[in-house]
A.B. asks: 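Before anything else, here's the structure in question.
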Amino acid sequence: MGARFEVELASSHALSPSVKSLVFRRCDGEPMQFAPGQFVNLLTSTGDKRSYSIASAPDGGSSFELAVTRVEGGLFSNELHQLEPGSRLTAVGPEGLFTRKAEDERPSLFVGTGTGVAPLRSMIAAALATGSQAPMRLLFGVRTEADVFYESDYRSWAQQANVKVQVTLSRASNDWSGRRGYVQHHLEEVLSELGQPDVVQVYICGLTKMVAEVKELARGKLALPRRHVHVERFD
Ligand SMILES: Cc1cc2nc3c(=O)[nH]c(=O)nc-3n(C[C@H](O)[C@H](O)[C@H](O)COP(=O)(O)OP(=O)(O)OC[C@H]3O[C@@H](n4cnc5c(N)ncnc54)[C@H](O)[C@@H]3O)c2cc1C
């Protein structure tokens, strides 16, 4: 179990109709130390806890960003969406083994749906901050055009020859010219862009059903070594 500390909401804004970015700051001013991909637990008013992957890269400062989906009927995610800047919460962490070293130069495929992209964003941003030349592909799935978020990151990452982002929509409008359907349908093609299947590392994050299907595909049909497939589930 990680350390317990107080955090204050510094700012929040909508990323999409159902997702909010929440930037918290440690009240003790200590640096927020974590490995890209880890999560923090926030304590609810009833003493329960909910885990949230850190969406920002570690930068030595005391702030960190979360991306929170408002779950219909969900207790705490709705509270977080209503939280006012200046509000304080108790955090415990960081925790989690779903991590990637920023200096890792092996080709990496990141697969996320919805806010499952949060820890993947942390991993990619941390790698790019070190000047990494690792070939990286992000396959990001959401329902509609309106549900896509972090586009400005994707545009800035696209300036780097080693990074490409592919967005796929499961309920695209007729105007959408990008990929359609679930991430599962595009995995093989995006993976093939990275070459060297025996060294590619795959990082998968989102809800259990997607994670299980992508993991099965990666280890089964695509025959990736088990230890190269890393997963994090939100539910
Ligand atoms: C390691 C880890 C990291 C996580 N990171 C994030 C994150 O970065 N961002 C984020 O938004 N959530 C994340 N979650 C999910 C989060 O911890 C809560 O489960 C979520 O916010 C729902 O809490 P709630 O109190 O609103 O709903 P509850 O009242 O606890 O339950 C509502 C139901 O919603 C399901 N559920 C949980 N998450 C989702 C989801 N995203 N979409 C649809 N249904 C869901 C639960 O399984 C449950 O059945 C993470 C979970 C884990 C275990």
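Worth knowing before you read on, the calculation uses all heavy atoms, side chains too, and leaves out hydrogens, waters and symmetry mates. One-based numbering, in listed order, for ligands and for the atoms of each. Here the structure is a predicted model, which means the values were calculated and not measured.
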A.B. asks: Within the 4.5 Å heavy-atom criterion, are Leu83 and Lys20 side-chain neighbours or not?
C.D. replies: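 Sidechains of Lys20 and Leu83: no contact.
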A.B. asks: Surrounding OH of Tyr182 (heavy atoms of other residues, nucleotides or ligands, distance under 6.0 Å), is the total greater than 12?
C.D. replies: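 Incorrect, the count does not exceed 12.
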A.B. asks: Write down, by chain and number, every protein residue that brings a non-hydrogen atom to less than 4.0 Å from an atom of ligand 1.
C.D. replies: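 Contacts of ligand 1 under 4.0 Å: Phe39, Arg50, Ser51, Tyr52, Ser53, Ala67, Val68, Thr69, Val71, Gly74, Leu75, Phe76, Ser77, Thr115, Leu207, Glu232, Arg233, Phe234, Asp235.
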A.B. asks: Could you tell me whether Glu193 atom CD has more than 12 heavy atoms of other residues or ligands within 6.0 Å of it?
C.D. replies: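 Yes.
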A.B. asks: So does Arg143 have more than 12 non-hydrogen atoms from other groups sitting under 6.0 Å from CZ?
C.D. replies: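 12 or below, so no.
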A.B. asks: Do Tyr203 and His230 have ring centres separated by under 6.0 Å?
C.D. replies: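 Ring centroids of Tyr203 and His230 are less than 6.0 Å from each other.
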A.B. asks: Within a radius of less than 6.0 Å around CZ of Arg4, do more than 12 heavy atoms belonging to other residues, nucleotides or ligands occur?
C.D. replies: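 Open: at most 12 neighbouring heavy atoms sit under 6.0 Å from CZ of Arg4.
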